[in-house]
Amino acid sequence: MKVLVTGAAGFIGSNFVIRSRQVRPDWQLTVLDAMTYAANLSSLDPVIDDIDVVKGSVSDPAVVDELVAAHDLVVHFAADSHNDNSLEDPWPFIETNIVGTYQLIQAVRRHDKRIHHVSTDEVYGDLALDDPARFTEETPVNPSSPYSASKASADLLVRAWIRSFGLQATLSNCSNNYGPRQHVEKFIPRQITGILDGVKPKLYGEGTNVRDWIHVDDHNDAVIAILEQGRLGETYLIGADGEMNNRDMIALILELMDKPADWFDHVPDRPGHDLRYAIDSTKLRRETDWQPTHPDVRSGLEDTIAWYRDNQDWWRTAKVVAEARYERLGR
Ligand code: NAD
Ligand code: DAU
């Protein structure tokens, strides 16, 4: 099978390609990535001789048309992905996440191919901290930030193309990923790399906001399970029951890195900051044989810390740029 993977010089996509080479070695993989600030081509070093890489944008119709025509399946990870950046400058999020998805589904439709659209639990907005509910596939979309609104828009386009044009597509909405090769602007790598440099973790607001953490390999295994066992036209929520508030996550990172529990700073909160995400992945577990193989966040985090300690060349340049941006934002 010829598989086009968009955005695979980024965090989840690069791990998807590496994982796919291990578990589906017969797939022929092509990466389409615009190589934005979030990309790091060296993430693909372990598999670079076995894949094709094309530099280009998902919002470029000519590039997309040619590549989609030459593949059987598109796995669509490409996105602008960071909430804080979307609050500063929403346009790239509209262009890549909405227009880019539009170009892909039009090409998939034209050439009668299949697409899996990778999305986020943030499209559902947030839950109250004391609400026992979790998101399901039936939860109405209610996004809070320009990023999550752009992802919700893309999801709605894919669903409309399924219904109106019979697009061969599946969708997934996953919770917060952690693991190796995540950009240092994101919460967990920002704190790990800061601590390695002797800088205290930065907690937005009071830090009671809850995220539902999942190891990136578990996310990608779920995507493969949906590709092979999921039903066309369906949406699947992906989560591994990893709810934890940000304060507790910082405490765990500090403990694993031998620092005192109170060695962190409070910084101003993110505007519109979602309170809590929580995923009910019953449908995915009922319809496929997927189950997480990294259910213990503590041990997944130990491996992640070791990865950032051992791969400092991978993140040093991006760290300088990301922290300059945070300094401008006062966070
Ligand atoms: P990332 O920012 O690490 O990587 C995104 C990649 O997309 C980068 O390599 C970037 O260069 C590429 N890209 C950006 N604009 C592009 C364009 N116009 N054309 C082609 N490539 C482009 O993001 P990530 O964390 O790996 O997220 C990947 C996908 O998973 C996104 O769709 C995101 O919404 C979704 N998702 C992420 C999480 C998470 O916790 N990180 C959770 C659920 C879903
Ligand atoms: O839920 C899935 C989403 O998870 C994905 O769709 C997004 O692409 C991904 O970036 C992530 O969004 P979040 O906004 O939840 O992730 P982020 O890593 O930016 O922040 C996680 C939490 O930590 C959030 O509550 C904000 C907080 N935070 C973040 C940073 C960078 C801090 O307290 N301090 C920080 O320095």
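These values consider heavy atoms only, across backbone and side chains, with no hydrogens, waters or symmetry-generated copies. Just so you know, ligand 1 is whichever comes first in the structure, and atom 1 is the first atom listed for that ligand.
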Exercise. Starting from atom 21 (C) of ligand 2, which protein heavy atom do you reach first, and at what distance in Å?
Worked result: Phe187 CB, 3.6 Å
Exercise. Would you call the rings of His183 and Tyr37 parallel, tilted or perpendicular, where under 30° means parallel and over 60° means perpendicular?
Worked result: perpendicular
Seminar exercise, completed: Near Ser119 (heavy-atom distance under 4.0 Å), the atoms of ligand 1 are 43 (C), 44 (C)
Exercise. What is the nearest protein non-hydrogen atom to atom 31 (C) of ligand 2, stated with its residue, atom name and distance?
Worked result: Tyr326 OH, 3.3 Å
Problem set entry | Heavy atom of the protein closest to atom 5 (C) of ligand 1 (residue, atom name, distance) | Ala79 O, 3.4 Å
Problem set entry | Min N/O separation Val58 to ligand 1 under 3.5 Å | yes
Problem set entry | For Tyr277, the ligand 2 atoms whose distance to one of its heavy atoms is below 4.0 Å | 1 (O), 15 (O)
Problem set entry | Neighbour count >12 (heavy atoms, 6.0 Å) for atom CD, Glu66 | no
Exercise. Between Tyr326 and Arg190, is there a cation-pi geometry (under 6.0 Å to ring centre, at most 45° from the normal)?
Worked result: yes
For this session: Give the atoms of ligand 1, by number and element, whose distance to some non-hydrogen atom of Asn176 is under 4.0 Å.
Result: 40 (O)
Problem set entry | For atom 13 (P) of ligand 2, the protein heavy atom that lies nearest, with its residue and separation | Glu122 OE2, 3.6 Å
For this session: With Lys200 as the cation and Phe264 as the aromatic partner, state whether NZ or CZ is under 6.0 Å from the six-membered ring centre and within 45° of the axis.
Result: no
Exercise. Given Asp33, Thr101, Asn177, Asn97, which has its nearest heavy atom closest to atom 9 (O) of ligand 1?
Worked result: Asp33
For this session: Measure across Ala128 and Arg276 and return the closest heavy-atom pair with its distance rounded to 0.1 Å.
Result: O-NH1, 3.2 Å
Exercise. Would Asp218 and Arg19 pass as an ion pair if we require N to O under 4.0 Å?
Worked result: no
For this session: Consider ligand 2: state whether an atom of it lies below 4.0 angstrom from any non-hydrogen atom of Arg331.
Result: no
Exercise. So, is Ala38 polar-close to ligand 1, with some N/O to N/O distance under 3.5 Å?
Worked result: no
For this session: Please say whether Arg270 places an N or O atom under 3.5 Å from an N or O atom belonging to ligand 2.
Result: yes
Exercise. Is there a nitrogen or oxygen of Phe11 sitting under 3.5 Å from a nitrogen or oxygen of ligand 1?
Worked result: yes
Exercise. So which heavy atom in the protein is nearest atom 8 (O) of ligand 2, and how far is it from that ligand atom?
Worked result: Ser81 O, 2.8 Å
Exercise. Does ligand 1 have an atom that lies less than 4.0 angstrom from a heavy atom of Gly100?
Worked result: no
Exercise. Any idea which protein heavy atom is nearest atom 43 (C) of ligand 1, and the distance to it?
Worked result: Cys174 O, 3.3 Å
Exercise. Is the closest basic N to carboxylate O distance between Lys55 and Asp33 below 4.0 Å?
Worked result: no
For this session: Using the salt bridge (charged side-chain N to carboxylate O under 4.0 Å, His left out) rule, take Glu234 and Arg159 through it: C-alpha gap first, then chi angles, then the decisive distance, then the call.
Result: CA-CA 9 Å; Glu234 294 293 314; Arg159 289 195 210 167; over 6 Å; no
For this session: Please indicate whether any nitrogen or oxygen in His76 is less than 3.5 Å from any nitrogen or oxygen in ligand 1.
Result: no
Exercise. Do other residues, nucleotides or ligands put more than 12 heavy atoms under 6.0 Å from the CD atom of Gln291?
Worked result: no
Problem set entry | Numbering as shown, the atoms of ligand 1 that approach Ser81 to under 4.0 Å (heavy-atom distance) | 1 (P), 2 (O), 23 (O)
Exercise. Would you say Ile12 has any N or O atom under 3.5 Å from an N or O of ligand 1, going by distance alone?
Worked result: yes
For this session: Write out the residue and atom name of the closest protein heavy atom to atom 16 (O) of ligand 2, then the distance separating them to 0.1 Å.
Result: Asn176 ND2, 3.6 Å
For this session: Could you check whether the rings of Trp213 and Phe187 sit parallel, tilted or perpendicular, using 30° and 60° as the cut-offs?
Result: parallel
For this session: Could you tell me which atoms of ligand 2, counted from 1 in the order shown, lie closer than 4.0 angstrom to a heavy atom of Asn83?
Result: 12 (O), 13 (P), 14 (O)
Exercise. Around atom CD of Glu228, are there more than 12 heavy atoms of other residues, nucleotides or ligands at under 6.0 Å?
Worked result: yes
Exercise. What residue and heavy atom of the protein are closest to atom 6 (C) of ligand 1, and at what distance?
Worked result: Gly7 O, 3.5 Å
For this session: Please indicate whether any nitrogen or oxygen in Gln191 is less than 3.5 Å from any nitrogen or oxygen in ligand 2.
Result: yes
Exercise. Any idea which part of Lys151 is under 4.0 Å from ligand 2, heavy-atom wise: side chain, backbone, both or neither?
Worked result: neither
Exercise. Do ligand 2 and Lys186 have nitrogen or oxygen atoms that lie under 3.5 Å from each other?
Worked result: no
Exercise. For ligand 1, which atoms, with element, lie under 4.0 Å from some heavy atom of Ala78?
Worked result: 7 (O), 20 (C), 21 (N), 22 (C)
Problem set entry | Where ligand 2 meets Thr120 - atom numbers and elements under 4.0 angstrom, heavy-atom basis | 1 (O), 2 (C), 3 (C), 5 (C), 6 (O)
Exercise. Salt bridge between Arg181 and Asp217, side-chain N to carboxylate O under 4.0 Å?
Worked result: no
Exercise. So is Ala34 polar-close to ligand 1, meaning N/O to N/O under 3.5 Å?
Worked result: yes
Problem set entry | Electrostatic pair Arg316:Asp197 at N-O distance under 4.0 angstrom | yes
For this session: Please confirm whether Trp213 comes within less than 3.5 Å of ligand 2 when only nitrogen or oxygen atoms on both sides are compared.
Result: no
Seminar exercise, completed: To atom 34 (O) of ligand 1, the nearest of Tyr277, Tyr147, Trp213, Phe77 on a heavy-atom basis is Tyr147
For this session: Identify, for atom 36 (O) of ligand 2, the protein heavy atom at the shortest distance, and state residue, atom and that distance.
Result: Arg190 NH1, 2.8 Å
Exercise. Parallel, tilted or perpendicular for Phe16 and Phe77, by the 30°/60° rule?
Worked result: tilted
For this session: Using a strict cut-off of 4.0 Å, indicate which atoms of ligand 2 neighbour a heavy atom of Glu185.
Result: 31 (C)
For this session: Count the heavy atoms of every other residue, nucleotide or ligand shown that sit under 6.0 Å from CG of Asp89, and state whether that count exceeds 12.
Result: yes
Exercise. Nearest non-hydrogen atom to atom 35 (C) of ligand 1 belongs to which of Val31, Val118, Thr96?
Worked result: Val118
For this session: Specify the closest pair of heavy atoms between Tyr204 and His273, including all atoms of both residues, with the distance to one decimal.
Result: CB-CE1, 4.0 Å
For this session: Would you check whether Thr36 has a nitrogen or oxygen atom less than 3.5 angstrom from a nitrogen or oxygen atom of ligand 1?
Result: yes
Exercise. Polar-atom distance check: Asp121 versus ligand 2, any N or O pair below 3.5 Å?
Worked result: yes
Exercise. How far is atom 33 (O) of ligand 2 from its nearest protein heavy atom, and which residue and atom is that?
Worked result: Tyr204 N, 2.9 Å
Exercise. Identify the closest protein heavy atom to atom 4 (O) of ligand 1: which residue and atom is it, and at what distance?
Worked result: Gly10 CA, 3.4 Å
Exercise. Relative to the heavy atoms of Lys202, which atoms of ligand 2 are at a distance of less than 4.0 Å?
Worked result: 32 (C), 33 (O), 34 (N), 35 (C), 36 (O)
For this session: Please could you name the atoms of ligand 1 that Met35 approaches to less than 4.0 Å, counting only its heavy atoms?
Result: 11 (O)
Seminar exercise, completed: of all protein heavy atoms, closest to atom 26 (C) of ligand 2 is His273 NE2, 3.4 Å
Exercise. What protein heavy atom is closest to atom 42 (C) of ligand 1, reported as residue, atom name and distance in Å?
Worked result: Ser175 O, 3.3 Å
Exercise. Is the gap between the ring centers of His82 and Tyr147 under 6.0 Å?
Worked result: no
For this session: Could you list which atoms of ligand 2 come closer than 4.0 Å to a heavy atom of Arg211?
Result: 15 (O), 24 (C), 25 (O)
Exercise. Purely on distance, is any nitrogen or oxygen of Lys151 under 3.5 Å from one on ligand 1?
Worked result: yes
Seminar exercise, completed: Numbered in order shown, the ligand 1 atoms found under 4.0 Å of a heavy atom of Gly56 are 19 (N), 20 (C)
